[in-house]
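By convention here, the first residue in the shown sequence is residue 1. Remember, it's a predicted structure, so these values are computed and weren't measured experimentally.
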Amino acid sequence: MHLVLCVLALEIKYRRTCIRAFIYFAEKLLVLLRDGRKLLGLLRSFDQFANVVLEGACERVIVGNLYCDIPLGLYVIRGENVVLIGELDLEKEELPSHMTAVSAAEIKRAQKAEREATDLKGSMRKRMEFLDFD
């Protein structure tokens with residue numbers, strides 16, 4: 001009888017967890033990936049390994065004050081790549097007012113320019129290492 005009560009208690013606890021998780025199935029989520037990408041979409045499924053299925057997913061790319069949402073459609077994310085999952089509040093403004101929406105081509109150009117500037121800064125730092133300013 002004790003075993004039956006333990007199994008029943010576990011099943012009730014499992015159902016409560018499932019009910020709590022079910023609330024988020026209609027919510028828009030932000031998923032931060034290990035490579036730094038940010039994905040937005042509606043949660044459709046997940047499992048114990050944090051594998052996630054997003055419907056109507058898009059990748060939000062931000063460079064300075066520019067941003068672009070690149071549509072991806074139905075997207076499956078492997079759990080080992082997930083760093084953070086957060087619920088987005090639909091009543092609040094998603095982005096600050098100073099952010100400007102641009103096309104995918106423009107954001108790619110901005111990303112390339114930012115990457116080149118970072119690479120140049122790194123190479124300049126390597127050239128100046130011999131001066132040992134620390």
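Note that the OG atom of Ser45 and the CD atom of Glu55 stand 12.0 Å from one another [nearest 0.5 Å]. Taken to the nearest 0.5 Å, the SG atom of Cys58 stands 7.0 Å off from the CG atom of Leu72. With values rounded to the nearest 0.5 angstrom, Arg109 atom CZ is found 6.5 Å from Ser103 atom OG. Here the straight-line distance linking atom CG of Leu40 with atom CZ of Arg60 works out to 5.0 Å at 0.5 Å rounding.
Neither side chain, Arg78 nor Asn51, offers a donor N or O lying under 3.5 Å from an acceptor on the other.
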Stepwise side chain to side chain contact (heavy atoms under 4.5 Å, CB included) test for Ile77 and Leu33:
CA-CA 9 Å; Ile77 304 166; Leu33 301 181; 3.6 Å; yes

Would Ile62 and Gln111 count as a side chain to side chain contact (heavy atoms under 4.5 Å, CB included) here? Give the steps.
CA-CA 9 Å; Ile62 299 173; Gln111 272 184 318; over 6 Å; no

Steps toward side chain to side chain contact (heavy atoms under 4.5 Å, CB included) verdict (Val31, Leu84)
CA-CA 6 Å; Val31 180; Leu84 176 101; over 6 Å; no

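Proximity of Ile107 to Val63: side-chain heavy atoms (C-beta onward) are separated by under 4.5 Å at one or more points. Contact check for Val52 versus Leu43: side-chain heavy atoms found under the 4.5 Å cut-off. Considering only heavy atoms from C-beta on, Leu54 stays 4.5 Å or farther from Lys28 through its side chain.
If you chain together hydrophobic residues whose side chains sit under 4.5 Å apart, Ile85 and Val83 never meet in one group. Side-chain heavy atoms closer than 4.5 Å link hydrophobic residues (I, L, V, M, F, W, Y) into clusters, and following such links, possibly through other members, connects Leu66 to Val61. Cluster membership for Leu29 and Tyr75, using ILVMFWY side-chain heavy atoms within less than 4.5 angstrom, is shared.
For the residue pair Val82 and Ala50, the shortest heavy atom distance occurs at CG2-O, 3.8 Å.
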